[in-house]
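Working notes, structure below.
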Amino acid sequence: MTDLTASTADPSLVNRLVVQGQYEATGNPSVVLSTLLGSCVATCISDPLAGVGGMNHFLLAGGDGSGTDNERYGSYAMEVLINALLKLGARKSRLQAKLFGGATMAGRMGRIGEANCRFATAYLETEKIPLVASSLGGQRARRVRYVPVTGQAQLLFVADTFPTISPADRGASAQGEVDLF
Amino acid sequence: MSLKILAIDDSRTIREMLRMCLARAGFDVHTAEDGIAGLDCLPEVEPDVVITDINMPRLDGFGVISAIRADAERTALPILVLTTESAQDLKQRARESGATGWIVKPFDDVKLIAAIRRIAAT
């Protein structure tokens, strides 16, 4: 992974935080996406040829992360990011992914981190999106910075820190809504 | 006889989820990977209900709806849109194109099955 320390210190760059339940996609070369991960997983996907990329940040909440509801939510988190990239000019056949997170945080969330990792890697494999880099599992939180237009990422392990940024409300949107005309 | 469902979605993950969910409910489920493939298999499958995603390569969900409605033999074929999109203008466009309903992902099994049974019965 490329060291972004110098570029992210550039005052002309705009840092956007992606919290749990959110995603962000852009073709703006001035944007750096960042997040802080414990058990959650962030999927960073880019189409370097189109110069667009983005990040999601999700947690398959509930039980051990398995089950259809969790899989559906995870698929939704992936699909909204991919659709946003396609709208910006990406092609699915050119997408490349990087995965981060899924730690087993001591005393928190059981083995949910492993389930998040399993889901994310299986999803990318099923959708035939190459996983070009990853840092998954372990027991430490991670800080990730990602330049979406190039796909470059910077990873920093954060010892003994659990992310405290409030998640976006998973149930606040129209998800699951049925509208018969 | 089982209701025949044709589910059109470019995500293999979603196609498999739909197949499992709807087959468990007793439906005869067929899938296609994009709008063109979906329209191609219509004459062979002759579905009772079509479920289509909106954002797909080659031909999107709006194209699927318009093509089906342009076929005089399929003007009454129920079409459910199943999408991550929830914008009112897109929903209105689907309605005007001839969609029967709009469901926002991630879908709920019970609500999806109820919607299929309801539109297939009308």
Legend entry - Sidechain-backbone polar pair: A/Glu127 side chain, B/Arg12 backbone, donor-acceptor under 3.5 Å: yes
Inset, instruction - Give, as side chain, backbone, both or neither, the part of A/Thr126 having an atom under 4.5 angstrom from any heavy atom of chain B. - result: both
Inset, instruction - Return the option, out of A/Leu86, A/Ile82, A/Leu180, with the maximum number of heavy-atom pairs under 4.5 Å with chain B. - result: A/Leu180
Legend entry - Carboxylate-amine/guanidinium proximity below 4.0 Å for B/Lys105 and B/Asp53: yes
Inset, instruction - Give a yes or no on this: more than 12 heavy atoms of other residues, nucleotides or ligands lie within 6.0 Å of atom CD of A/Gln139. - result: no
Inset, instruction - Can you tell which part of B/Thr100 gets under 4.5 Å to a heavy atom of chain A, answering side chain, backbone, both or neither? - result: backbone
Inset, instruction - Give, as side chain, backbone, both or neither, the part of B/Ala99 having an atom under 4.5 angstrom from any heavy atom of chain A. - result: both
Legend entry - Region of B/Glu85 in contact with chain A, defined by heavy-atom distances below 4.5 Å: side chain
Inset, instruction - Output yes when a side-chain donor or acceptor of A/Thr35 lies under 3.5 Å from a complementary backbone atom of A/Val19, and no otherwise. - result: no
Inset, instruction - Name the region of B/Asp60, side chain, backbone, both or neither, that has any atom closer than 4.5 Å to a heavy atom of chain A. - result: neither
Legend entry - B/Arg93/B/Glu96 ion pair, N-O < 4.0 Å: no
Legend entry - A/Arg140 to A/Phe157 six-membered ring, cation-pi geometry met (6.0 Å, 45°): yes
Inset, instruction - Tell me, for B/Leu80 versus chain A, whether the close heavy atoms (under 4.5 Å) come from the side chain, the backbone, both or neither. - result: side chain
